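Every chain is numbered from 1, with letters handed out A, B, ... down the list of sequences. Values in this document were obtained by computation on a predicted structure and should not be read as measured data.
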Number of protein chains: 2
Amino acid sequence: MRLVIAHCSVQYTGRLSAQLPPATRLVMVKADGCVAVHADGGAYKPLNWMNAPNRLVEADGVWIVTNPKGEILTITMEEVISDTAWEMGPDPGLQKDGVEAHLQALLAAHCDQHLGLRLVRREYPTDIGPVDLLCKGPDGVTIAVEVKRRGDIDGVEQLGRYLEFLNRDPLLRPVRGMLVAQSVRPQARVLATDRGIRWIEVDYDLLRGAESRDLRLF
Amino acid sequence: MRLVIAHCSVQYTGRLSAQLPPATRLVMVKADGCVAVHADGGAYKPLNWMNAPNRLVEADGVWIVTNPKGEILTITMEEVISDTAWEMGPDPGLQKDGVEAHLQALLAAHCDQHLGLRLVRREYPTDIGPVDLLCKGPDGVTIAVEVKRRGDIDGVEQLGRYLEFLNRDPLLRPVRGMLVAQSVRPQARVLATDRGIRWIEVDYDLLRGAESRDLRLF
DNA sequence: GCATCAATGTCGCCT
DNA sequence: AGGCGACGTTGATGC
């Protein structure tokens, strides 16, 4: 990884045009060739960047980075304050825990408890993709459950499409929908209600709590 | 801006849990206090981070970064290879040109010229969000225009939802749809046509050209 | 401060 | 390689 501290100006032309007036910044070049220009503030997003794969040409204090898509990043180095490079080797990578898949797993395991439903199948396949949970309600009616961390309009549409296909199956019909999320946005509530889809908010920590309590019983 | 090259391991607990095994990485601390841990590859996104506002406590080779939301980032420094700091001052910031807002503004200003429509209102509100442009066609029919940089299936769906709601208003009905974008993807074309939604591609440079020509007249 | 929406989104999975 | 969906999305804007 190469780190350059420099007074520089930057120009990007590609999917849009953007430019940076001269100022002191950090230019980071990673081993895969990607280039990022960071200011001394503003979260982790760089001001300008060019991802790999690309080609960096350096001449007369001007860096020109181009990629196969025809995007161009030009960095004009007015004064280089520091220029260092470090060998890091490959990174073992990030381990994550607590994403949507976990939410779905917890809900599947405690469907009756949290949703008042009986689980028929997880990832029930349809022609346009798998439904997160297929359940039966107390009245025996089939219910397709879509699990999201955040319930958004997209999720309602997605569930709507599943329902459309599921309801073509005479063995399942009628199928109703339920959107389950840690929070359901107001607009998604409106659309869901409009489409006859129920929505519920669940608390991930509560689910996890219930899970560990259950585990302790064994 | 402080740059630390170190062999370190990282743990994050907050909206999810994530951990990084020991390896050599860059730890970046910006003037606003935000912390980012970068590997030597993988675009511009850091492996782990903690945005401002936060509090960084450094003791015995362990950095503990906490924020008001209760998230915790722990960096265990096994070996510090380099630790430097640079004064950069404030950044003048990025100037962008060619984002959706510009496109919408240009189209709104020259609706008749580029779309053959008369503008009724920008950002016309519905229960599920605002329509970019509400216009009237030469025949007096109301037309909802959705503006995108790229016309994708999502945009067609979005416009479809607006139309569904707009067409419930007896004062507006019938409302037709038009998708305007710099480029409309093949799948979006098919879906739009299927839904009776017109689509048009516009050239941003041409729009801007027309704009500056108009300006020169005054 | 919350809700909403765009983004040079990025990233990972799957076909 | 392209489509699709999640993301600790981030960032900006309007209310």
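- Scanning for side chain to side chain contact (heavy atoms under 4.5 Å, CB included) contacts around B/V4 gives B/R2, B/A6, B/V27, B/W63, B/M77, B/V80, B/D83, with sequence neighbours left out.
- Of all non-hydrogen atoms in A/A39 and A/L47, the two that sit nearest each other are CB-CD1, 3.4 Å.
- Residues that satisfy the side chain to side chain contact (heavy atoms under 4.5 Å, CB included) test with B/T142, not counting sequence neighbours, are B/L134, B/K136, B/L172, B/V175.
- Remark: P of D/dC4 and CD of A/E123 are 18 Å apart, rounded to the nearest angstrom.
- Put simply, the side chain of A/D154 and the base of D/dG5 share no donor and acceptor less than 3.5 Å apart.
- Taking the nucleotide of DNA chain C with the nearest heavy atom to each of A/M50 and B/I128, the more 5' of the two is matched to B/I128.
- Heavy-atom neighbours of A/R55 CZ from other residues, nucleotides or ligands within 6.0 Å: at or below the threshold of 12.
- Here the shortest heavy-atom pairing between A/G129 and A/Y162 reads O-CE2, 3.5 Å.
- Taking the 5' to 3' direction, DNA chain C first and last meets chain B under 4.0 angstrom from a heavy atom at C/dC5 to C/dC11.
- Annotation: C/dC14 and D/dG8 have their C1' atoms spaced 24 Å apart (nearest Å).
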Determine, stepwise, if the pair A/Q19 / A/Y12 fulfils side chain to side chain donor-acceptor pair (under 3.5 Å).
CA-CA 6 Å; A/Q19 62 171 35; A/Y12 164 78; over 6 Å; no
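- In this structure, A/R198 places its CZ atom where only 12 or fewer heavy-atom neighbours from other residues, nucleotides or ligands lie under 6.0 Å away.
- The nearest whole Å value for the distance from the CD1 atom in A/I153 to the P atom in D/dG5 is 15 Å.
- DNA chain C lies under 4.0 Å from no heavy atom of any residue of residues 175-193 of chain B.
- At the heavy-atom level, B/R122 lies nowhere under 4.0 Å from the strands shown.
- At most 12 heavy atoms of other shown residues, nucleotides or ligands fall within 6.0 angstrom of atom CD in B/Q95.
- Spacing of P atoms, D/dC7 relative to C/dA7, comes out at 22 Å, to the nearest Å.
- For the pair A/L103 CG and D/dC7 C1', the computed distance is 14 Å after rounding to whole Å.
- Nearest heavy-atom pair, B/H114 versus B/L107, reported as atom, atom and distance to 0.1 Å: CB-CD2, 4.3 Å.
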So if I define the base as every atom that isn't primed, P, OP1 or OP2, how would nucleotides 10-15 of chain D read as a B/S/- string at a heavy-atom cutoff under 4.0 Å?
SS----
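- Annotation: side-chain hydrogen bond (donor to acceptor under 3.5 Å, both in side chains) contacts involving residues 26-49 of chain A, sequence neighbours excluded, comprise A/K30-B/H38, A/H38-B/K30.
- Each of B/N67 and A/Q158 was matched to the nucleotide of DNA chain D holding its nearest heavy atom; the match closer to the 5' end belongs to A/Q158.
- C/dT8 sits 25 Å from D/dG14 when the C1' atoms are compared, rounded to a whole Å.
- Taking atom CG on B/D152 and atom P on D/dG3, their separation rounds to 8 Å, with Å as the unit.
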Start with the C-alpha gap between B/K148 and B/R150, add the side-chain angles, then the distance that decides, and say whether side-chain contact (heavy atoms from CB on, under 4.5 Å) holds.
CA-CA 5 Å; B/K148 292 282 179 203; B/R150 295 190 217 175; 5.7 Å; no
